[in-house]
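Below, chains carry the letters A, B, ... as their sequence lines are ordered, and counting in each starts from 1. All values derive from a computational prediction rather than experimental measurement.
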Amino acid sequence: MEFIPKQDFDVKKIADSGQCFRLNQLEAGRFQLTALDRCVELTERADDWALDCSAAELDKLWRGYFDLDTDYGTYRAAVPEKDVYLTAATDFGRGIRILRQDPWEMLVTFIISQRKNIPAIRACVETLCSRYGEPIGTTYAFPTPAALAGADEETLRACALGYRAGYVLAAAQMADAGTLDLSALVSLEDDQLAESLMTVPGVGVKVANCVSLFGYHRIAAFPRDVWMNRVIHEHYRGRFPLYRYKGFAGVMQQYLFYYARYEGKIAEK
DNA sequence: GCCCAGGTGACGG
DNA sequence: CCGTCACATGGG
């Protein structure tokens, strides 16, 4: 068992931040994460989160995955006091980090994400994993490109993918055949990376930005979805000051997304 | 039944 | 280059 200090690390918020879809609450203060072909539990304690793995595994996998060696206070310090909304958002979202997730999983997940809400995305991904992924204990790894490339479109559709099934199948075939070498893209500049990702059908600017941000840790990427457009329209006169956050705007995007969705939920009640 | 969800691609102007 | 529209599916 290993322990991660709560200082700027909140599993509850990360689970609900819309960047990952396989970090699930089992009960209050207890979460299960399936990622990197592993499945681990995270349990909340007074001053830290307990992670059921060895010290070696924490150092080798999870420290990087959770981006634990980065000081997010530095990012938040870039927000001027006069930006009341973003100040509130960064305060409210303190503990969120940009995870280093698998590029392939992010590509498929965010292709699926279009015109779906977060619970629906979770359900789709889980179905895909249980039908095409390798078992890991009681759960399943994310399917490999080969596993999905061998599927037929109608069966994929039955995972509630709808019209996205063809996109996912094409992505799998490209990745499996090497037409698109996802691991080779790490050496590309942000613009070229996004451009390469957009060669996949169903991947436009927004999905490419999400894959860049969450799958390649390009924290300068700033995905604009309906929530972000709403925030920018309502609080920034249609123009968000990206220039203040050069090189890490994606971190601010994540704080804004989390805060905006929370506000929306409150408004509903 | 209606509207919306971490959009994209095809089409017409 | 722009705006508009169809696209499957599930939840509120």
Aromatic plane relationship, A:F9 with A:F66 - under 30° parallel, 30 to 60° tilted, over 60° perpendicular: perpendicular
Heavy atoms under 4.0 Å, any strand shown: does [X] hit a base, just sugar-phosphate, or nothing?
X: A:R224; answer: nothing
X: A:F214; answer: base
X: A:R230; answer: sugar-phosphate
X: A:G18; answer: base
X: A:S17; answer: base

Find out whether A:L51 and A:F3 are in side-chain contact, i.e. whether some heavy atom of one side chain is under 4.5 Å from a heavy atom of the other. no
Between B:dC11 and C:dA8, how many Å separate the two P atoms, rounded to a whole number?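 15 Å, rounded to whole Å.
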Let me spell it out: for each of A:V200 and A:P223, pick the nucleotide of DNA chain B with the closest heavy atom. Which residue's pick is nearer the 5' end? A:P223
Using atom [atom1] of [X] as one end and atom [atom2] of [N] as the other, report the distance to the nearest whole Å.
X: A:E126; N: C:dG10; atom1: CD; atom2: C1'; answer: 17 Å
X: A:Y167; N: C:dC7; atom1: OH; atom2: C1'; answer: 7 Å
X: A:Q114; N: B:dA5; atom1: CD; atom2: C1'; answer: 11 Å
X: A:I111; N: C:dA8; atom1: CD1; atom2: P; answer: 16 Å
X: A:I118; N: B:dA5; atom1: CD1; atom2: C1'; answer: 9 Å

Among C:dG10, B:dG7, C:dA8, which is the nearest nucleotide to the side chain of A:A160? C:dG10
Closest to side chain of A:N117, choosing from B:dG7, C:dG11, C:dT9: C:dG11
Given A:R22, which of A:Q101, A:E126, A:Q32, A:E105 fulfils the side-chain hydrogen bond (donor to acceptor under 3.5 Å, both in side chains) condition?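 Answer to the side-chain hydrogen bond (donor to acceptor under 3.5 Å, both in side chains) test with A:R22 among A:Q101, A:E126, A:Q32, A:E105: A:E126.
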I'd like to know if the side chain of A:Q19 pairs up with that of A:Y258 as donor and acceptor (distance under 3.5 Å, no hydrogens or angles considered).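 Not at all, the side chains of A:Q19 and A:Y258 share no donor-acceptor pair under 3.5 Å.
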Pick the closest DNA chain C nucleotide for A:P119 and for A:R115 by heavy atoms, then say which residue is nearer the 5' end. A:R115
So, OP1 or OP2 of C:dA8: does either fall under 4.0 Å of a side-chain N or O from A:R157? yes
Are there over 12 heavy-atom neighbours, none belonging to A:Q25, within less than 6.0 Å of that residue's CD?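 More than 12 within 6.0 Å, yes.
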